[in-house]
Amino acid sequence: MAVATETPFHVLAVDDSLPDRKLIERLLKTSSFQVTTVDSGSKALQFLGLHDEESPVSVHADQLDVAVNLIITDYCMPGMTGYDLLKKIKESSSLRDIPVVIMSSENIPSRINRCLEEGADEFFLKPVRLSDMSKLKPHILKSRCKEHYHQEQHQQIDSNSNESSNPTNNSSNSRKRKAADDEILPQTNRLRHS
Amino acid sequence: MAATPMNQLSALVNNMFATGLLDEQFQQLQMLQDASAPDFVSEVVTLFCDDGERIIGELTKLLEKSSVDFDRVDAFVHQLKGSSASVGAQKVKNTCIQFREFCQQKSRDGCLKTLDSVRTEFYDLRSKFQTLLQLERQIQGFYPK
């Protein structure tokens, strides 16, 4: 089902520094994104409907009130780092297809690789610039293609079998609830960094 | 050249670039300001100044202790380095980089000396930012949007 093209994509930005939050918010708004900013990983998880659980088992997110199309987070934060947040998102069956971008003021290759290996889609060196914003939309569009593909696969399986299956998410313009259908296809992680 | 607010503002900003106080990241901020966000630079700069003041206060307290927790000092300097980089405060940022080296070396003297430099540079920058914002407000007053 086609998305209303007027609906802007919604980005959740996570950074403990107030000036940096102001900057990333402005960068995103200038690039026509709808923005929510939070100052910690745990607040990000709350917003995404996940509770901060220690268990590595997939947690089903409560229904998100507002769809989130991309998460951009600082790496160095007190408490939960951006890396910890990334891990939690990737461990969640309902959130793991949301593209995640990590920002850091430090250019440490081992850090960058660790994040990419964990499933981050992009790594930005701070200070983030306007030119970095154009890298975001491709990741969002790619993840939506994946979501459509999963849905089609799921519908195909439904029509091919008599078993009842998980209810599919018919509204493709949201991440409100994802069926646990990732086991049907291998997860493709396109690792790329700027 | 008449000392109009606009000319004064140009002269001030140019001087801040020429003396290495600001780098091109500040120009990035200026580019992000427009009719839909007419106070963006002022807001970010103000947040940076408040944040910087808070951090310098914390650093002063930490370095006064008889036994210094260099990890905590480093964490605060890292924060200040980050926010200076974000607003284009080049000189303060570079001093923070030096500061972190003294933290790694666990040199109390090095840290104290560098804290003094950071403080001086930060307050100098802050006072120039305040003048800059005053001039901007004057100009906006002449040419209301």
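Everything quoted here is computed from the prediction, not taken from an experiment. A note on names: the letters A, B, ... follow the listed sequences, proteins ahead of strands, and every chain is numbered from 1.
Taking CE of A:Met77 as the start and CD of B:Gln79 as the end, the distance is 12.5 Å to the nearest 0.5 Å. The line from OG of B:Ser83 to NZ of A:Lys126 is 9.0 Å long, rounded to the nearest 0.5 Å. One finds the CG atom of B:Leu80 at 10.0 Å from the OG atom of A:Ser17 (value rounded to the nearest 0.5 Å). Here the CG-CG distance, from B:Leu29 to A:Leu130, works out to 11.5 Å after rounding to the nearest 0.5 Å. With rounding to the nearest 0.5 angstrom, the CG atom of B:Asp51 is 6.5 Å from the CG atom of A:Leu18.
Note on B:Tyr123 and B:Leu133: same hydrophobic cluster, where clusters join Ile, Leu, Val, Met, Phe, Trp and Tyr whose side-chain heavy atoms are under 4.5 Å apart, directly or indirectly. A chain of hydrophobic side-chain contacts below 4.5 Å, direct or via other Ile, Leu, Val, Met, Phe, Trp or Tyr residues, connects B:Phe48 to B:Phe76.
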Practice task
Take B:Val87 and A:Leu23 through the test side-chain contact (heavy atoms from CB on, under 4.5 Å) and record every step on the way to the result.
Solution key: CA-CA 9 Å; B:Val87 303; A:Leu23 176 59; over 6 Å; no
Problem - Worked check of side-chain contact (heavy atoms from CB on, under 4.5 Å) between B:Gln33 and A:Arg26 - result: CA-CA 9 Å; B:Gln33 180 161 295; A:Arg26 181 69 196 139; over 6 Å; no
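Residue contact with chain B, scored on non-hydrogen atoms closer than 4.5 Å, involves the backbone and the side chain of A:Lys22 alike.
Side-chain contact check for B:Gln28 versus A:Pro127: every heavy-atom pair is 4.5 Å or farther apart. Between B:Met31 and A:Arg129, every side-chain heavy-atom pair lies at or beyond the 4.5 Å cut-off. Residues A:Ser105 and B:Lys93 fail the side-chain proximity criterion, which asks for heavy atoms closer than 4.5 Å. Side-chain contact between B:Ser86 and A:Pro19: absent, with no pair of heavy atoms (C-beta onward) separated by less than 4.5 Å.
Counted within 6.0 Å of CZ on B:Arg72, heavy atoms from surrounding residues, nucleotides or ligands total 12 or fewer; the atom is thus considered open.
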